[in-house]
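Below: one structure, written as structure tokens.
Atoms considered below: every heavy atom in the structure, side chains included; atoms not considered: hydrogens, waters and symmetry mates. Residues: numbered from 1 along the sequence shown.
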Amino acid sequence: QVQLVQSGGGTVQAGDSLRLSCTASGRAPSTKPMGWFRQAPGKEREFVARISWNGGSTGYADSVKGRFTISRDNANNLLYLQMDNLKPEDTAVYYCAATKTFYSSSDSNDYAYWGQGTQVTVSS
């Protein structure tokens with residue numbers, strides 16, 4: 001079992017930056033590929049970014065590519081999402097997640113463990 005606790009988020013203006021953090025605990029969290037997803041009101045949860053267990057491979061949704069950066073600190077069991085040049089369409093509840101597979105994935109069905117979610121609101 002892996003437990004994920006998120007921090008960060010809040011309300012910012014368009015063009016601002018925010019960093020989300022996710023602290024993992026439990027059974028070998030540093031060995032698991034992880035990712036970030038988000039869900040806007042009235043919409044389905046969507047993939048944002050993914051990272052391999054050692055941080056050597058990352059992937060992003062087209063909508064955030066070049067603006068968001070996913071990273072991890074395995075020594076401290078931390079996952080980050082640095083969000084720059086935020087836009088109003090980035091407004092959503094953001095979730096960190098850890099996979100049940102050995103590969104990083106953009107498919108939410110591959111993720112078994114989820115954080116509690118954190119609200120990010122971007123005003124224009």
Side-chain angles (χ1 to χ4, degrees):
Q1 287 281 14
V2 174
Q3 294 79 43
L4 302 174
V5 178
Q6 297 177 223
S7 60
T11 300
V12 296
Q13 300 272 351
D16 285 351
S17 298
L18 273 178
R19 188 176 78 163
L20 304 182
S21 299
C22 177
T23 303
S25 62
R27 187 182 176 118
S30 63
T31 67
K32 296 189 180 300
M34 299 186 73
W36 289 95
F37 290 77
R38 67 187 182 186
Q39 187 166 19
K43 295 188 177 181
E44 293 187 353
R45 190 172 297 187
E46 64 173 3
F47 165 73
V48 175
R50 58 175 175 81
I51 189 167
S52 60
W53 72 272
N54 63 354
S57 174
T58 59
Y60 299 90
D62 288 343
S63 59
V64 306
K65 202 171 292 183
R67 300 188 298 119
F68 289 14
T69 304
I70 187 172
S71 62
R72 65 190 299 166
D73 173 1
N74 280 349
N76 294 294
N77 292 331
L78 286 164
L79 176 72
Y80 299 107
L81 184 67
Q82 177 66 40
M83 304 183 292
D84 297 321
N85 190 22
L86 282 159
K87 302 177 180 181
E89 52 263 43
D90 294 320
T91 295
V93 177
Y94 284 71
Y95 298 89
C96 64
T99 69
K100 54 186 175 183
T101 65
F102 295 104
Y103 51 87
S104 63
S105 172
S106 60
D107 185 346
S108 62
N109 292 316
D110 288 330
Y111 290 79
Y113 311 101
W114 293 85
Q116 80 276 19
T118 187
Q119 178 70 45
V120 172
T121 302
V122 185
S123 59
S124 57

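By the rule that hydrophobic residues join a cluster once side-chain heavy atoms approach within less than 4.5 Å of another member, Val64 and Leu79 end up as members of one cluster. In this structure, Leu20 is not a member of the same hydrophobic cluster as Phe47, with clusters built from ILVMFWY side-chain heavy atoms closer than 4.5 Å. Cluster annotation: Phe37 is not connected to Ile51 through the hydrophobic network of ILVMFWY side chains, with a link wherever side-chain heavy atoms come within less than 4.5 Å. Linking Ile, Leu, Val, Met, Phe, Trp and Tyr residues whenever their side-chain heavy atoms come within less than 4.5 Å places Leu18 and Trp36 in a single cluster.
Across every non-hydrogen atom of Trp114 and Ser108, the tightest pair is CZ2-O, 3.7 Å. Across all non-hydrogen atoms, the minimal contact from Ile70 to Gly35 is CD1-CA, 4.2 Å. The heavy-atom pair separating Asn109 from Lys100 by the smallest distance is O-CE, 3.0 Å. Contact detail for Thr99 and Thr101: the closest heavy-atom pair is OG1-O, 3.0 Å. Closest non-hydrogen pair, Pro88 versus Ala14, comes out as CD-CB, 4.1 Å. The shortest non-hydrogen separation linking Leu4 to Tyr113 is CD1-O, 3.5 Å.
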Report task. Please step through side-chain contact (heavy atoms from CB on, under 4.5 Å) for the pair Leu81 and Val48, ending with a clear verdict. Result -> CA-CA 10 Å; Leu81 184 67; Val48 175; 4.2 Å; yes
**Report entry** side-chain contact (heavy atoms from CB on, under 4.5 Å) between Leu86 and Phe68, worked out
**Finding:** CA-CA 9 Å; Leu86 282 159; Phe68 289 14; 3.8 Å; yes
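Side chains of Glu89 and Val122 form no contact here, defined as non-hydrogen atoms less than 4.5 Å apart.
Of the possible donor and acceptor atoms, none in the side chain of Asn76 sits under 3.5 Å from a partner among the backbone N and O of Leu78. In this structure a side-chain-to-backbone donor-acceptor pair under 3.5 Å is present from Gln6 to Cys96. Between the side chain of Thr121 and the backbone N or O of Thr11, no donor-acceptor pair lies under 3.5 Å. The backbone N or O of Ser71 sits nowhere less than 3.5 Å from a side-chain atom of Gln82 that would complete a donor-acceptor pair. Proximity of a side-chain donor or acceptor of Arg50 to a complementary backbone N or O of Ser106 within less than 3.5 Å is not detected. Not a single donor-acceptor pair under 3.5 Å links the side chain of Tyr60 to the backbone N or O of Arg67. In terms of modelled atom types and a separation under 3.5 Å, the side chain of Lys32 and the main chain of Phe102 share no donor-acceptor contact.
How far NZ of Lys87 is from OG of Ser63: 8.5 Å, rounded to the nearest 0.5 Å. Taking CG of Asn77 as the start and CE of Met34 as the end, the distance is 9.0 Å to the nearest 0.5 Å. Atom OG in Ser105 sits 3.5 Å away from atom CG in Asp110 (nearest 0.5 Å).
A cation-pi geometry, defined here as NZ or CZ lying under 6.0 Å from the six-membered ring centre and within 45° of its normal, does not hold between Arg72 and Trp53. Cation-pi geometry between Arg38 and Tyr95 is not met: the NZ or CZ atom fails to fall both under 6.0 Å from the ring centre and inside 45° of the normal.
Thr118 and Gln116 are not linked by any side-chain donor-acceptor pair at a separation below 3.5 angstrom, with hydrogens and angles left out of the test. For the residue pair Asn54 / Ser52, a side-chain donor-acceptor distance below 3.5 Å is found, with atom types taken as modelled. When only modelled atom types and interatomic distance are considered, Ser30 and Asn74 share no side-chain donor-acceptor pair under 3.5 Å. Side chains of Asp84 and Ser17: a donor-acceptor N/O pair is present below 3.5 angstrom, by distance only.
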